[in-house]
Peer 1: 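Dropping the structure in here first, questions after.
Residues take their numbers from the sequence shown, with the count starting at 1.
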Amino acid sequence: MKFIFLPLIFIVLFWSNSYSSTARVIKLKGVVDIYESPSNKSLGRKGEVLFNGKYYLSISPKLGLKLKNGSIIKTKQDSQVRLIFNNGDQFNVAQNTFYEVKWDDEKYSKGEKKSNTIVNLMYGKVRAIVSKDGPRSNLKVSTTHAAMGVRGTDFYVSNSGQLGKMDVSVIRGEVDVTPKVKKMKGLSAQKKVKPQIIKVKPGFSAFVSTALPKAEIKSKDVAIADVQVRRTSKVELAKIQKDSVIEVTKEEEEKQLKEVSKNVATELQKLEKTAVKTTLEDIKRYDENLYNAMVSQKVVKVEDVNTASVKKVFKKAPERPLKPGEDDFAGDYEDVYQKYLKVLE
């Protein structure tokens with residue numbers, strides 16, 4: 001009986017772990033901090049930091065680090081990190097970003113398909129590629145100004161924190177944006193306000209702002225973030241591309257790999273392949289021609305697949321933002337275009 005019973009346990013554990021929400025650091029540039037293992041009181045740990053009333057252990061990640069549930073990721077200037085989950089979902093985190101990710105694996109490990117993953121983006125920029133059939137198919141993203149329900153599958157969120165602006169751009173799939181209702185200080189709003197859900201389609205961006213003139217604030221009990229949707233321009237797509245490509249020198253990459261075991265290095269290669277496979281399968285759902293092109297080219301790098309997705313939207317995008325005053329990336333546009341996009345045409 002023991003001979004039969006033990007393999008059954010192994011099979012159950014392997015199945016559960018294979019579909020867990022564990023993510024690993026697969027690419028790293030610059031100075032990145034991860035805050036993990038939150039506690040309601042100080043435990044006197046070395047490197048402990050206090051954030052929002054909880055004490056976290058601060059660590060400097062290296063390749064292969066497994067991200068714990070409830071961790072906070074912080075990138076600094078000229079720093080980026082790519083996280084890949086076991087099923088191939090990925091988060092590409094740009095510089096100067098601060099966000100928390102938490103999940104509930106219990107439902108998914110019991111056979112249900114969703115794991116209730118929530119990303120709280122305090123500030124910064126993240127591009128996520130999420131499988132529509134995977135555990136994060138109902139991913140929620142929260143910022144100061146809006147809550148987003150991801151219906152799949154390749155999107156980019158930029159949040160300026162307390163400056164009153166954020167935007168979300170969809171490369172593939174769909175994102176539901178619900179602007180948040182904010183009660184104004186000194187006023188008691190009795191009525192309930194239900195903001196409209198805005199659906200953002202591929203090739204479009206939603207721009208959310210909560211900044212109101214003082215005169216308007218005084219006349220209101222509540223303020224609902226203003227949402228404007230328009231086509232994503234080539235300028236903005238070039239910015240997205242720049243933020244999601246992680247450039248590490250060959251010397252630095254070799255140095256990072258020397259710090260991990262051969263087993264971990266092998267696991268990272270497998271994760272990269274899984275991410276490519278998962279992303280290609282998702283692309284096939286929406287664009288079989290692009291999928292066939294990627295397969296015929298035998299693409300093996302995550303960045304190449306992600307770049308091809310941007311390039312597809314880029315072809316039909318307007319050259320510049322359609323509204324004046326929104327072309328803040330114009331100065332860098334030509335350089336980024338030449339470096340990241342023109343070579344792929």
Peer 1: Assess the pair Tyr35 and Tyr55: is the distance between their ring centroids shorter than 6.0 Å?
Peer 2: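 They do not qualify: ring centres at least 6.0 Å apart.
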Peer 1: On a heavy-atom basis, which atom in Ser244 and which in Arg127 lie closest, and how many Å separate them?
Peer 2: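 Ser244 and Arg127 have their closest heavy atoms at OG-NH1, 3.1 Å.
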Peer 1: Enter the distance from Lys312:NZ to Ile283:CD1 here, rounded to the nearest 0.5 Å.
Peer 2: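 These two atoms lie 10.5 Å from each other.
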Peer 1: Would you check if the side chain of Lys180 reaches a backbone N or O of Thr143 as a donor-acceptor pair within less than 3.5 Å?
Peer 2: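 Checked: pair present.
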Peer 1: Verify, without hydrogens or angle tests, whether Ser137 (side chain) and Asp133 (backbone) share a donor-acceptor contact under 3.5 angstrom.
Peer 2: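 Answer holds: no.
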Peer 1: Is there a donor-acceptor contact under 3.5 Å from the side chain of Lys27 to the main chain of Val81?
Peer 2: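 Flag not set: sc Lys27 to bb Val81 has no pair under 3.5 Å.
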Peer 1: Shared ILVMFWY cluster between Val264 and Leu63, side chains joined below 4.5 angstrom?
Peer 2: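 Cluster IDs for Val264 and Leu63 match.
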Peer 1: Heavy atoms only: give me the nearest Pro38-Tyr56 pair and the separation to one decimal.
Peer 2: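 Nearest heavy atoms, Pro38 then Tyr56: CB-CE2, 3.5 Å.
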Peer 1: Drop me the distance from Asn92's CG to Ile240's CD1, to the nearest 0.5 angstrom.
Peer 2: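 These two atoms lie 12.0 Å from each other.
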Peer 1: Can you confirm if the NZ or CZ of Arg136 lies within 45° of the ring axis of Phe85 and under 6.0 Å from the centre of its six-membered ring?
Peer 2: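 That pair qualifies as a cation-pi contact.
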Peer 1: Give a yes or no on whether the backbone of Val245 and the side-chain of Gln80 come within a donor-acceptor separation of less than 3.5 Å.
Peer 2: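 Yes; judged by distance alone, with no hydrogens or angles, the pair exists.
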Peer 1: Is the backbone of Met122 close enough, under 3.5 Å, to the side chain of Asn159 for a donor and an acceptor to pair up by distance?
Peer 2: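 Here the side-chain-to-backbone pair exists.
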Peer 1: Can you give me the closest heavy-atom contact between Arg45 and Ser37, atom names plus distance?
Peer 2: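 Heavy atoms of Arg45 and Ser37 come nearest at NH1-O, 3.1 Å.
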Peer 1: What is the minimum heavy-atom distance between Leu28 and Pro61, and which atoms define it?
Peer 2: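 For Leu28 and Pro61, the tightest heavy-atom pair comes out as CD2-O, 3.3 Å.
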Peer 1: Does atom NZ of Lys54 have more than 12 heavy-atom neighbours from other groups under 6.0 Å away?
Peer 2: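 Open: at most 12 neighbouring heavy atoms sit under 6.0 Å from NZ of Lys54.
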Peer 1: Is any side-chain heavy atom of Met148 less than 4.5 Å from a side-chain heavy atom of Val157?
Peer 2: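 The answer is yes; the side chains approach within 4.5 Å.
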Peer 1: With distance as the sole test, does Lys201 use its side chain to make a donor-acceptor pair with the main-chain N or O of Glu174 at under 3.5 Å?
Peer 2: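 No: the side chain of Lys201 does not pair with the backbone of Glu174.
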Peer 1: Looking at Lys68 and Glu36, is there a salt bridge between them, counting it only when a charged N and a carboxylate O are closer than 4.0 Å?
Peer 2: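 Yes, charged N to carboxylate O under 4.0 Å.
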Peer 1: Check whether Thr97 reaches the backbone of Gln95 with its side chain - one donor and one acceptor, N or O, closer than 3.5 Å.
Peer 2: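 Here the side-chain-to-backbone pair exists.
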Peer 1: Is a side-chain N or O of Ser60 found less than 3.5 angstrom from the main chain of Asp33, in a donor-acceptor match?
Peer 2: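 The answer is no, because no donor-acceptor pair under 3.5 Å joins these two groups.
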Peer 1: With side chains defined as the heavy atoms from C-beta onward, is the minimum distance between Tyr123 and Leu121 less than 4.5 Å?
Peer 2: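 They are not in side-chain contact.
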Peer 1: Side chains of residues 267-277: which donor-acceptor partners sit under 3.5 Å, not counting sequence neighbours?
Peer 2:
from   : atom 1 : to     : atom 2 : distance (Å)
Glu267 : OE1    : Arg24  : NH1    : 2.3
Glu272 : OE2    : Val302 : N      : 2.9
Thr274 : OG1    : Lys270 : O      : 2.9
Lys277 : NZ     : Glu281 : OE2    : 2.7

Peer 1: Using the ring of each side chain (for Trp, its six-membered ring), is Tyr99 parallel, tilted or perpendicular to Phe91, with breaks at 30° and 60°?
Peer 2: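 Plane angle over 60°, so perpendicular.
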Peer 1: To the nearest 0.5 Å, what is the distance between CZ (Phe51) and OG (Ser58)?
Peer 2: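 So the gap between those two atoms works out to 13.0 Å.
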Peer 1: Looking at residues at least two apart in the chain, or sitting in another chain, which of them share a ring pair (Phe, Tyr, Trp, His ring centres under 6.0 Å) with Phe204?
Peer 2: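 For Phe204 there are no ring pair (Phe, Tyr, Trp, His ring centres under 6.0 Å) partners, ignoring immediate neighbours.
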Peer 1: Checking salt bridge (Lys or Arg N to Asp or Glu O under 4.0 Å) for the pair Arg172/Asp287: CA distance, chi angles, key distance, verdict?
Peer 2: CA-CA 9 Å; Arg172 188 173 58 256; Asp287 189 338; over 6 Å; no
Peer 1: Is the closest side-chain heavy-atom distance between Ile171 and Leu237 below 4.5 Å?
Peer 2: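 In contact.
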Peer 1: So does Arg231 pair up with Glu236, basic N to acidic O under 4.0 Å?
Peer 2: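 Salt bridge flag = no for Glu236 with Arg231.
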Peer 1: Can you tell me if Ser169 uses its side chain to pair, donor with acceptor, with the backbone of Tyr156 under 3.5 Å?
Peer 2: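 Not a single qualifying donor-acceptor pair exists.
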Peer 1: Would you confirm whether Ser131, through its side chain, and Asp89, through its main-chain N or O, come within 3.5 Å as a donor-acceptor pair?
Peer 2: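 Looks like no, no N/O pair under 3.5 Å.
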Peer 1: Minimum heavy-atom separation for Val177 and Val200, please, with both atom names.
Peer 2: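 Here Val177 and Val200 meet closest at CG2-CG2, 3.8 Å.
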Peer 1: Applying the side chain to side chain contact (heavy atoms under 4.5 Å, CB included) test to Glu303, which of Glu247, Gln241, Arg82 qualifies?
Peer 2: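 Single side chain to side chain contact (heavy atoms under 4.5 Å, CB included) partner of Glu303 among Glu247, Gln241, Arg82: Arg82.
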